[in-house]
Amino acid sequence: MSRRTQMKGSLLIEMLVACALISLFLPFLVSALARLQERHLLAQTYQDQHEVKAAIDAHFQAQWTRLVPANCAMDESLFLTIQSGESPPVRLASRKVSSGSDWIKGTDYGLCRGAVTVSSNPFETNLSCHWKVGDRTNFSSCESSFPGQVVSVSSHKSKIELTDDLAIGQSGMIESQDGFYWYLSPGKEGSDAFWRTPEESGNSLELLNGIERLSIFPLLDEDDNGLVDSLDTRYGPFALKKLRGLWVEYQYRLSNCKSDRQESFTQEYHSMRGDDWHYLPPCQGVGNQIIVLKEM
C-alpha cells in the first residue's frame, strides 16, 4: 500500500514539473509562432508587391509604347503633351484629376497596324481592326507620310481614303490613330486609379487601381543622332521628332495588404521633379521605368 502511495506521489510530482515546464516555455513558443507568422505574412506581402509592380510596369508599356508613329521621316507638327494635375485640360473638367500627379495627352499610333501597298485612293485592306467609319489613320513610307480616314468597314475588309494621291504606288505601313488623355483620378473602389479618356469623345476607362502618384518625363534627342541627350523636367508640348522615350515614376498601394507589422517605417523617394514622396512599405511602394518609344 505504501509503495502505491509513493508511486502516485511520484507521478503527481512529475505532472507538476511537466506543467511548470509547459507554463514556463509556452509564452516563448507562442511568441516564436507569432513571429514566424509575421515573417510569413511579410514575405507574402513583398511577393505580392513584386507581382503588382511587374503588372504596373507591363501596363504602362502596353499603353505608351505606341506614342510615336512607325515612320522614317517624322512629321514636325506632331507633339506629345505632359502637364501637371494642377492644370487639368478642359476635356477632363468633369473628372477629379489628381493635383499631385502628371497627366499626358498623346496619340496611340498603331493599335491597328499593318503593311500595305497603295494601289488606288481610296484603297481596301483586309486588316481586322477595332476602327470604325470616321476614325483617323496614317499611311507612311520612308519617303513620306499621309493622313487618312476610314470610309467604310465590313466583316472582311476596310476602305481607307488618304488626303493625297501621291501615296499611290508606294508600299508602307497603315496604322490607326487614337488620341487619349492618361491621368490619375479616384477609382471605383475609392482610391486613386490610372485612367484613360479619349481625346475627342467617348467614355473614360479605369485601367489600373491603386496608383497613388505619377510623374512622367520625356527623354529627348536634341541633336537628332538617335541617342538620348536629356531628361526634361519641364511641362508642356514635346515634338515627337525629338522624343526617344519616357521616364515614368509612380507610387502604388497594395489592396488588402497582408502585413501585421507593429511598427511602420516611412521611406522617402526623391522624384526627378524635385519632390519627396513618402510611403510606408510593405503596403506602399515606389517604382520607375523607361518606356522606349523610338530606337535608332
Side-chain angles (χ1 to χ4, degrees), residues 55-56 58-71 74-75 77-99 101-114 125 127-140 145-153 158-163 173-189 191-211 214-216 218 235-240 243 246 248 250 291 293-294:
I56 294 172
H59 209 87
F60 286 152
Q61 288 280 347
Q63 290 295 315
W64 290 335
T65 50
R66 297 184 301 267
L67 289 174
V68 172
N71 55 24
M74 188 67 65
D75 187 341
S77 66
L78 301 178
F79 287 86
L80 175 82
T81 300
I82 299 173
Q83 255 310 339
S84 167
E86 295 180 354
S87 304
V90 175
R91 175 75 173 101
L92 302 181
S94 62
R95 311 287 306 173
K96 186 178 179 181
V97 179
S98 174
S99 60
S101 295
D102 298 343
W103 57 265
I104 182 172
K105 174 190 173 185
T107 299
D108 184 336
Y109 294 95
L111 180 58
C112 184
R113 177 183 289 170
T125 173
L127 286 174
S128 178
C129 294
H130 70 285
W131 54 35
K132 58 187 182 297
V133 173
D135 282 355
R136 293 178 299 160
T137 64
N138 186 72
F139 170 79
S140 59
S145 179
F146 303 96
Q149 189 177 53
V150 179
V151 294
S152 69
V153 178
S158 304
K159 182 178 288 187
I160 297 171
E161 184 172 8
L162 303 178
T163 57
M173 300 291 294
I174 187 72
E175 57 188 2
S176 57
Q177 296 185 55
D178 302 291
F180 293 105
Y181 291 91
W182 289 272
Y183 57 96
L184 296 190
S185 185
K188 297 173 184 177
E189 296 182 5
S191 59
D192 274 350
F194 183 47
W195 288 79
R196 186 184 75 182
T197 296
E199 179 183 352
E200 297 178 355
S201 63
N203 296 326
S204 301
L205 177 65
E206 181 178 341
L207 299 172
L208 202 62
N209 196 16
I211 309 296
L214 179 65
S215 289
I216 308 163
Y235 290 118
F238 299 93
L240 296 192
L243 197 61
L246 297 175
V248 182
Y250 58 89
I291 309 292
L293 300 181
K294 192 170 185 179

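Residues: numbered from 1 along the sequence shown.
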Exercise: identify the closest heavy-atom pair between [X] and [Y]:
| X | Y | result |
| --- | --- | --- |
| V68 | R113 | O-NH2, 4.3 Å |
| L207 | W182 | CD1-CD1, 4.0 Å |
| S201 | P198 | O-CB, 3.0 Å |
| P218 | L243 | CB-CD1, 3.5 Å |

Got [X] and [Y] here, is their nearest side-chain heavy-atom distance under 4.5 Å?
| X | Y | value |
| --- | --- | --- |
| R136 | P147 | no |
| Y181 | P89 | yes |
| S191 | N209 | yes |

Would you give the length of the straight line joining atom [atom1] of [X] to atom [atom2] of [Y], rounded to the nearest 0.5 angstrom?
| X | Y | atom1 | atom2 | result |
| --- | --- | --- | --- | --- |
| F139 | I160 | CZ | CD1 | 10.5 Å |
| W103 | S98 | CH2 | OG | 13.5 Å |
| R91 | T197 | CZ | OG1 | 6.0 Å |
| L184 | L214 | CG | CG | 5.0 Å |

Parallel, tilted or perpendicular, as decided by the 30° and 60° cut-offs, for the rings of W195 and Y183
parallel
According to the interplanar angle, ranging from 0 to 90°, do the rings of F60 and Y250 count as parallel (below 30°), tilted (30 to 60°) or perpendicular (above 60°)?
perpendicular
Mind listing the side-chain donor-acceptor pairs of residues 77-86 below 3.5 Å, one per line with the distance, residues two or more places apart or on another chain?
| residue | atom | partner | partner atom | Å |
| --- | --- | --- | --- | --- |
| S77 | OG | D75 | OD1 | 2.8 |
| S77 | OG | D75 | OD2 | 3.2 |
| S84 | OG | E86 | N | 3.1 |

Would E199 and K105 count as a side-chain contact (heavy atoms from CB on, under 4.5 Å) if you check the C-alpha gap in whole Å, the side-chain angles of each, and the deciding distance to 0.1 Å?
CA-CA 8 Å; E199 179 183 352; K105 174 190 173 185; 3.4 Å; yes
Should we say atom CD of E189 is surrounded by more than 12 heavy atoms from elsewhere, each under 6.0 Å from it?
no
Derivation and outcome, side-chain hydrogen bond (donor to acceptor under 3.5 Å, both in side chains), residues S185 and D192:
CA-CA 5 Å; S185 185; D192 274 350; over 6 Å; no
With no hydrogens and no angle check, is any side-chain donor or acceptor of Q177 less than 3.5 Å from a backbone partner on T137?
yes
For I216, is there any backbone N or O sitting under 3.5 Å from a side-chain donor or acceptor partner on D102?
yes
Flag the pair Y109 / W64 as yes when their ring centroid distance falls below 6.0 Å, and as no otherwise.
no
So salt bridge (Lys or Arg N to Asp or Glu O under 4.0 Å) across residues 58-70, not counting sequence neighbours, yields R66-D108
Are a donor atom and an acceptor atom from the side chains of S176 and D135 found within less than 3.5 Å of each other?
no
Can I211 and I56 be said to form a side-chain contact (heavy atoms from CB on, under 4.5 Å), step by step?
CA-CA 9 Å; I211 309 296; I56 294 172; 3.5 Å; yes
Go through it in stages, so that I can follow the logic: the residues are L240 and L67, the test is side-chain contact (heavy atoms from CB on, under 4.5 Å), and I'd like the CA-CA distance, side-chain angles, deciding distance and then a yes or no.
CA-CA 8 Å; L240 296 192; L67 289 174; 5.7 Å; no
If the condition is side-chain contact (heavy atoms from CB on, under 4.5 Å), which residues does S158 pass it with, not counting sequence neighbours?
T125, W131, V153
Would L246 and L293 count as a side-chain contact (heavy atoms from CB on, under 4.5 Å) here? Give the steps.
CA-CA 7 Å; L246 297 175; L293 300 181; 4.1 Å; yes
Here's a test for you: under side-chain contact (heavy atoms from CB on, under 4.5 Å), which of R196, E200, Q63 qualifies with F180?
R196
